[in-house]
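In listed order, ligands and their atoms are each counted from 1.
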Amino acid sequence: MVTIAPSILSADFGRLAEEVQAVTAAGADWIHVDVMDGHFVPPITIGPLVVAAIRRATQLPLDVHLMIEHPQEQLAEFVRAGASGITVHVEAPTDLPALLAAVRDTGVRSGLALNPSTPLDRVRPFVERIDLLLVMSVHPGWGGQPFVEGSLEKLGAAARLRRETGTRFLIEVDGGIKTHNAAPAAAAGADVLVAGSAIFESPDYAATIRALRGV
Ligand code: DX5
Ligand code: ZN
């Protein structure tokens, strides 16, 4: 069964703990946390203090997606704050093998993300060292954008890459996931569906999560 990870980027930040508790009660599997630094992407969102607050509001795994230029320097803080998995971008100007090793050393799930414009080949050298591959299906930075054409094909190619290399990473899709494209994304290869606006802008979180799951 597919894992549903609501992205709190689209939650009401004035009532963040309540929102996290609401999606937890509504059947979410993970909480997806979008960290942006104003450099890797234009917006600035949240830091470890807020991750720690979310950690206190739920028992669910916290799936922390770092859209930041210097993840190496921030990694330990996010793990201390309660991250269960840390995903870094293949496009980040950093020593990626060292970074992925550092993530694994902390004991949390190590994830690697790629933007819609980045070819899948860029992640190939790292597939042995990751627990999760995050396929971005919007250009990173904002919630509520339309699903980028071609993302289903990329998910299929990611699933083939996993088969060919005999690796076991989870495939996560992030961006523009709604009830109408959740099943095609899962069929194409996604194990984890991130959904922000689809859930938080819906009147009934539980019904939306059930619809995304296809049950
Ligand atoms: C975008 C973020 C996504 C975003 C998804 O940079 O990584 O997690 O919140 O939002 P929706 O589901 O609204 O596209
Ligand atoms: Zn994200």
Side-chain angles (χ1 to χ4, degrees), residues 2-13 16 19-20 22-23 26 28-47 50-51 54 60-69 71 74 78 83-92 103 108-118 123 130-152 154-155 158 170-186 190-203 205 208-209 211-213:
V2 77
T3 294
I4 305 293
S7 162
I8 55 112
L9 194 57
S10 292
D12 176 353
F13 272 52
L16 190 52
E19 291 271 70
V20 169
V23 287
D29 301 299
W30 295 358
I31 304 292
H32 184 82
V33 183
D34 287 307
V35 176
M36 308 186 191
D37 66 350
H39 295 281
F40 186 79
V41 286
I44 297 178
T45 55
I46 67 171
V50 176
V51 173
I54 298 169
L60 294 181
L62 303 187
D63 179 37
V64 175
H65 177 191
L66 297 182
M67 285 159 277
I68 68 178
E69 217 167 74
Q74 307 292 334
F78 282 102
S84 315
I86 298 271
T87 296
V88 298
H89 268 262
V90 72
E91 302 87 0
V103 175
V108 305
R109 190 180 333 98
S110 87
L112 186 60
L114 79 168
N115 288 338
S117 53
T118 303
V123 305
I130 59 173
D131 304 308
L132 176 145
L133 180 68
L134 189 165
V135 175
M136 291 289 312
S137 40
V138 296
H139 301 285
W142 297 271
Q145 304 180 77
F147 189 78
V148 168
E149 242 4 88
S151 300
L152 290 180
K154 206 174 198 177
L155 288 168
L170 292 169
I171 299 173
E172 180 174 44
V173 61
D174 183 8
I177 294 293
K178 309 280 175 190
T179 52
H180 68 87
N181 59 13
D191 307 295
V192 184
L193 307 179
V194 175
S197 50
I199 293 173
F200 286 104
E201 288 173 12
S202 74
Y205 297 170
T208 305
I209 289 172
L212 288 167
R213 224 191 269 291

Taking 4.0 angstrom as the limit and counting only heavy atoms of Asp34, give me the atoms of ligand 1 inside it, by number and element.
2 (C), 3 (C), 4 (C), 7 (O), 8 (O), 9 (O)

I'd like to check which ligand 1 atoms, numbered from 1 as shown, lie under 4.0 Å from a non-hydrogen atom of His65.
7 (O)

Does any N or O atom in Val138 lie less than 3.5 angstrom from one in ligand 1, N or O only?
no

Could you tell me the residue and atom name of the protein heavy atom closest to atom 13 (O) of ligand 1, and the distance to it rounded to 0.1 Å?
Ser197 OG, 2.5 Å

If we only count N/O pairs under 3.5 Å, is Leu9 in contact with ligand 1?
no

When you measure from atom 1 (C) of ligand 1 to every protein heavy atom, which one gives the shortest distance, and what is it?
Trp142 O, 3.7 Å

Could you tell me whether Ser10 and ligand 1 have an N or O pair separated by under 3.5 Å?
no

Is a donor on one side and an acceptor on the other found under 3.5 Å between the side chain of Asp191 and the backbone of Ile171?
yes

Given 3.5 Å as the limit, does a donor-acceptor pair link the side chain of Asp34 with the main chain of Ser7, or not?
no

When you measure from the side chain of Ser137 to the backbone N and O of Gly175, does any donor-acceptor pair fall under 3.5 Å?
yes

Counting both backbone and side chain atoms, is some N or O of Gly141 under 3.5 Å from an N or O of ligand 1?
yes

Using the ring of each side chain (for Trp, its six-membered ring), is Phe40 parallel, tilted or perpendicular to His89, with breaks at 30° and 60°?
tilted

Would the distance check show the side chain of Asp29 and the main-chain N or O of Ile4 forming a donor-acceptor pair, the cut-off being under 3.5 Å?
yes

Check: Glu69 main-chain N/O paired with Asp37 side-chain donor or acceptor under 3.5 Å:
yes

Within a distance under 4.0 Å of any heavy atom of Met36, pick out the atoms of ligand 1 and give their elements.
6 (O)

Distance-only N or O hit between ligand 1 and Gln145, under 3.5 Å:
no

Side chain, backbone, both or neither: which part of Ser7 comes within less than 4.0 Å of ligand 1 when only heavy atoms are counted?
side chain

Only one of Asp63, Val135, Leu134 forms a side chain to side chain contact (heavy atoms under 4.5 Å, CB included) with Asp174, so which one is it?
Leu134

What's the shortest distance from atom 10 (O) of ligand 1 to any protein heavy atom, and which residue and atom give it?
Gly143 CA, 3.5 Å

Ligand 1 N/O within reach of Gly196 N/O, cut-off under 3.5 Å
yes

Identity of the N, O or S atom of Asp174 lying closest to the Zn ion (ligand 2):
OD2

For Pro140, atoms of ligand 1 separated by under 4.0 Å from a heavy atom:
6 (O)

Roughly how far, to the nearest 0.5 Å, is CG of Leu62 from NE2 of His32?
11.5 Å

Which protein heavy atom lies closest to atom 14 (O) of ligand 1, and at what distance to 0.1 Å?
Gly176 N, 2.8 Å

What's the spacing between Leu212 CG and Thr3 OG1 if we round to 0.5 Å?
12.5 Å

Note: ligand 1 atoms sitting under 4.0 Å from heavy atoms of Gly175 are 14 (O)

Output the list of atoms in ligand 1 that are nearer than 4.0 Å to some heavy atom of Met67, sorted by atom number.
6 (O), 7 (O)

Please state whether Phe147 comes within less than 4.0 angstrom of ligand 1, counting heavy atoms only.
no

Considering all heavy atoms of both residues, which atom of Ala185 and which atom of Leu155 are nearest to each other, and what is their separation?
O-CD1, 3.8 Å

Between ligand 1 and Ala198, can you find any atom pair, the residue atom being a heavy atom, that is separated by under 4.0 Å?
no

Backbone N/O of Ser110 and side chain of Asp131: donor-acceptor pair under 3.5 Å:
yes

Under 4.0 Å from one or more heavy atoms of Ala195, ligand 1 contributes atoms 12 (O)

Residue from Leu9, Ile46, Val50 passing side chain to side chain contact (heavy atoms under 4.5 Å, CB included) with Val33:
Ile46

Between Thr45 (side chain) and Met36 (backbone), is there a donor-acceptor pair under 3.5 Å?
yes

Return the residue, atom name and 0.1 Å-rounded distance of the protein heavy atom closest to atom 5 (C) of ligand 1.
Asp174 OD1, 3.6 Å

Quick check on contacts: which atoms of ligand 1 are under 4.0 angstrom from a heavy atom of His32?
8 (O)

Test of geometry: compute the angle NE2(His32)-the Zn ion (ligand 2)-ND1(His65) and round it to 10°.
100°

Output yes when the distance from some N or O of ligand 1 to some N or O of Lys178 is under 3.5 Å, and no in every other case.
no

Looking only at N, O or S atoms, which one in Asp34 sits nearest to the Zn ion (ligand 2)?
OD1

Taking the side chain as every heavy atom from C-beta outward, state whether Leu114 and Glu91 have any atom pair closer than 4.5 Å.
yes

For a 4.5 angstrom cut-off between non-hydrogen side-chain atoms, does Trp142 reach Pro42?
yes

If you define the side chain from C-beta out and look only at heavy atoms, does anything of Ser197 sit under 4.5 Å from Lys178?
yes

So, regarding His139 and ligand 1 (criterion: nitrogen or oxygen to nitrogen or oxygen, under 3.5 Å), is there a contact or not?
no

